[in-house]
Amino acid sequence: MQNYPLLSLINSPEDLRLLNKDQLPQVCQELREYLLESVSQSSGHLASGLGTVELTVALHYVFKTPFDQLIWDVGHQAYPHKILTGRRDQMPTIRQKGGLHPFPWRGESEFDVLSVGHSSTSISAGLGIAIAAERENAGRKTVCVIGDGAITAGMAFEALNHAGSLHTDMLVILNDNEMSISENVGALNNHLARLLSGSFYSSIREGGKKILSGVPPIKEFVKKTEEHVKGFVSPGGTMFEELGFNYIGPIDGHNVEELISTLQNMSSLKGPQFLHIVTKKGKGYTPAEKDPIGFHGVPKFNHLSGELPKSNATPTYSKIFGDWLCEMAEQDPKLIGITPAMREGSGMVEFSQRFPQQYFDVAIAEQHAVTFAAGLAIGGYKPVVAIYSTFLQRAYDQLIHDVAIQNLPVLFAIDRAGIVGADGQTHQGAFDISFMRCIPNFVIMTPSDENECRQMLYTGYHCGKPAAVRYPRGNAVGVTLEPLQQLELGKSKLAREGKKIAILNFGTLLPNALLAAEKLNATVVDMRFVKPLDTTRINDIAKTHELIVTLEENAIQGGVGSAVAEVLNQQQHQVKLLQLGLPDYFIPQGTQLEILAELKLDAAGIERQILDFLTAGN
């Protein structure tokens with residue numbers, strides 16, 4: 001740490017608060033350089049953290065964390081927070097098996113108040129935490145930092161509306177990093193922010209309200225005058241004022257001195273406070289400033305050259321989906337592609353550029369995305385919702401009420417199904433089979449490779465019912481892509497014929513199943529469909545084999561293995577059943593291969609689990 005003379009002295013925010021204020025710009029510079037150097041060597045989220053350096057320093061300098069409670073929304077922006085809160089030397093392990101969690105995590109540090117992974121939760125949780133502190137007379141401050149993308153979710157506005165009506169002491173900071181730092185975010189606006197958040201103004205404001213409370217016309221005139229003054233600086237601020245917050249901003253989020261002055265003033269204000277800061281994603285690192293999306297999450301790379309490594313591997317499943325979407329859009333103007341703010345991750349960039357009239361990014365609003373798709377289906381269009389497995393959980397009610405009950409032809413392209421790897425517990429796609437297969441009217445498909453994935457997307461698109469195709473994160477197998485054709489619903493495919501043992505595979509673990517089957521001389525069936533299930537095949541296998549093994553990259557509880565058990569039980573088959581899948585705990589981070597091996601879902605693990613089961617049975 002010899003290149004970071006000040007940062008090397010900071011092992012907790014208490015150390016930071018011992019520094020003079022005029023030393024903080026250097027701390028910010030060293031923190032930004034360390035973050036860049038660290039992430040370039042370990043991989044991880046970069047651009048968001050570069051944009052929150054000054055804010056993080058200011059927050060820990062002004063507030064007495066962890067006594068005062070700081071809540072980060074999502075957590076992409078919280079790497080500087082981890083560095084300043086005693087985890088600096090562990091940063092090379094972030095997102096790796098046994099290393100630092102990629103997001104704020106309660107079990108990791110007392111400075112991480114809320115474990116996060118999905119967005120737009122900070123204000124709701126913060127309000128609960130603030131009310132608890134108020135009732136206990138704890139005297140602690142509650143601060144929520146939410147990004148401009150996260151505040152687009154309905155949950156954030158529900159929380160703002162509730163907080164504004166309760167008048168509880170809390171501070172919400174909007175980190176606005178989508179707009180450039182325009183002319184009104186400069187000296188004048190910083191001066192007004194200090195003035196409007198200062199004790200002189202706030203005392204006049206509150207005192208005036210009390211004096212004029214008995215004179216409604218004058219009170220209303222003063223209120224409107226205040227709104228117009230603030231609206232002149234930031235028209236959007238009036239909305240937050242209407243929700244019951246005292247709005248300050250926007251101010252320059254990269255001016256640490258101004259941030260500290262404003263935060264110090266606002267920390268003493270009563271009631272719900274809203275501070276709007278403007279930052280630049282990737283701040284201080286030119287390649288990330290120019291391409292904040294490309295540098296949002298990065299592999300290991302040379303930060304001196306600024307070039308990200310190019311992949312020569314097979315296409316990802318996301319790319320396969322995106323190519324299929326473009327192919328279908330060329331044929332069908334009724335196709336509508338929908339994403340809840342995951343255009344890049346879901347492989348929809350080319351589609352959005354080539355077919356802008358057929359593309360909708362609804363922002364971080366998964367519930368809206370699903371019901372919006374339902375409305376389009378009612379209107380005669382053919383919506384395709386591209387969504388991560390772990391994000392689809394947020395729209396479960398809409399899946400049931402707005403799509404399935406009405407039996408509407410909406411296709412769900414479920415990316416990141418199964419083990420996702422480095423993002424850990426909050427992002428593993430472990431539950432979608434379990435929570436979908438119980439919903440009537442749904443067709444659910446599990447492709448074993450990219451060709452199957454394309455055929456299933458095509459089948460789901462044309463089946464006239466609610467349909468879902470789940471596929472994993474990462475690269476496809478490299479098989480030949482065949483012409484598109486509709487598959488027979490509920491029809492499985494024999495992949496290998498053996499004796500006594502039959503492995504019923506659901507999804508992309510098929511190669512592992514085949515390798516294990518070679519050692520065991522087992523039958524392997526690529527089941528393809530979770531719903532409708534190929535009950536004919538299951539009954540035939542049950543009559544000719546002694547052990548059926550179900551294999552899925554989903555939670556065993558309520559998964560497709562349970563569906564097979566239901567069939568066997570109904571027909572009163574005596575065959576033994578072994579269900580292999582994800583165990584009953586939240587799967588931590590690590591590479592996909594590491595986790596599959598640890599869970600014994602690689603070829604050797606599958607073989608070992610089957611042999612252990614047979615040994616125990618004898």
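Just so it is clear, the structure is predicted and the values come from calculations on it, not from any experiment. The basis for the numbers below is simple: all heavy atoms, side chains too, and nothing from hydrogens, waters or symmetry mates.
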task: Enter the distance from C463:SG to M445:CE here, rounded to the nearest 0.5 Å.
output: 6.0 Å
message: For E552, is there an ion pair with R470 - N to carboxylate O distance below 4.0 angstrom?
response: no
task: May I ask you to decide if D526's main-chain N or O and N505's side chain share a donor-acceptor pair within less than 3.5 Å?
output: no
- request: Answer whether the closest heavy-atom distance between the side chains of F586 and Q428 falls below 4.5 Å.
  value: no
message: As a quick check of understanding, evaluate side chain to side chain contact (heavy atoms under 4.5 Å, CB included) for E110 and T85, giving each step before the final call.
response: CA-CA 9 Å; E110 63 179 334; T85 53; over 6 Å; no
- prompt: Does I94 reach the side chain of R87, with side-chain heavy atoms less than 4.5 Å apart?
  reply: no
query: Quick one: does L596's side chain get under 4.5 Å of E553's, heavy atoms only?
result: yes
- request: Evaluate the side-chain proximity of V145 to L70: yes if any heavy-atom separation is below 4.5 Å, no if none is.
  value: yes
query: After noting the C-alpha distance and the side-chain angles of L31 and I10, does the key distance pass the side chain to side chain contact (heavy atoms under 4.5 Å, CB included) rule?
result: CA-CA 10 Å; L31 179 55; I10 301 172; over 6 Å; no
query: Can you name the nearest heavy-atom pair linking S448 to Y317, along with the distance?
result: O-OH, 4.0 Å
message: Just so I know, are the side chains of T446 and I433 near enough to count as touching, which here means a heavy-atom distance under 4.5 Å?
response: yes
field: Verdict with supporting geometry, N11 and R88, side chain to side chain contact (heavy atoms under 4.5 Å, CB included)
entry: CA-CA 8 Å; N11 296 306; R88 180 191 62 230; 3.1 Å; yes
- line: Shortest non-hydrogen pair, T550 vs Q579, comes out as OG1-CA, 3.3 Å
statement: So CG of L35 and CD1 of I83: to nearest 0.5 Å the spacing works out to 5.0 Å
query: Mind checking whether L582 and I419 have side chains closer than 4.5 Å, heavy atoms only?
result: yes
Note, I548 side chain near H573 side chain (heavy atom, < 4.5 Å): no
F103 ring center near H45 ring center (under 6.0 Å): yes
statement: So CD of Q393 and CG of L399: to nearest 0.5 Å the spacing works out to 11.0 Å
- prompt: Roughly how far, to the nearest 0.5 Å, is CG of L520 from CG of L611?
  reply: 5.5 Å
- prompt: Would you say the side-chain atoms of S109 pair up with the backbone N or O of F111, donor to acceptor, closer than 3.5 Å?
  reply: yes
field: Greater than 12 external heavy atoms within 6.0 Å of Q90's CD
entry: yes
T93 (side chain) donor-acceptor with Q96 (main chain) under 3.5 angstrom: no
Between S318 and D415, a side-chain donor and acceptor under 3.5 Å: yes
- request: Just jot down the salt bridge (Lys or Arg N to Asp or Glu O under 4.0 Å) partners of D534, sequence neighbours excluded, or say none.
  value: none
task: Measure across P13 and H60 and return the closest heavy-atom pair with its distance rounded to 0.1 Å.
output: CG-ND1, 3.6 Å
field: Backbone N/O of E482 and side chain of N451: donor-acceptor pair under 3.5 Å
entry: yes
- prompt: So do H296 and E344 actually touch side chain to side chain, heavy atoms under 4.5 Å?
  reply: no
message: To the closest 0.5 Å, what do you measure between CD (Q367) and CE (M155)?
response: 9.5 Å
task: For Q69 and I129, indicate whether the former's side chain and the latter's backbone hold a donor-acceptor pair under 3.5 Å.
output: no
Check: F321 ring centroid to F351 ring centroid under 6.0 Å: no
field: Single hit among V385, V410, I439 for side-chain contact (heavy atoms from CB on, under 4.5 Å) with V403
entry: V410
task: Identify the heavy atoms of S120 and I146 that sit nearest to each other, and give their distance.
output: CA-CD1, 4.4 Å
query: So, R106 side chain and V113 main chain: donor-acceptor pair closer than 3.5 Å or not?
result: yes
message: Check whether E350 reaches the backbone of D323 with its side chain - one donor and one acceptor, N or O, closer than 3.5 Å.
response: no
- line: Rounded to the nearest 0.5 Å, the CD atom of Q571 sits from the NZ atom of K543 at a distance of 8.0 Å
query: Got a donor-acceptor contact below 3.5 angstrom from the S389 side chain to the I414 backbone?
result: no
- prompt: Any side-chain donor-acceptor pair under 3.5 Å between H76 and S48?
  reply: no
task: For N554 and F506, run side chain to side chain contact (heavy atoms under 4.5 Å, CB included): C-alpha distance rounded to whole Å, both residues' side-chain angles, the deciding distance at 0.1 Å, then the answer.
output: CA-CA 9 Å; N554 184 85; F506 295 85; over 6 Å; no
query: Shortest non-hydrogen contact from A502 to I541?
result: CB-CG2, 3.4 Å
- request: Give me the one residue out of Q589, R416, R95 that meets side-chain hydrogen bond (donor to acceptor under 3.5 Å, both in side chains) with D423.
  value: R95
- line: Between Q77 and D73, the two heavy atoms sitting closest are NE2-O, 3.2 Å
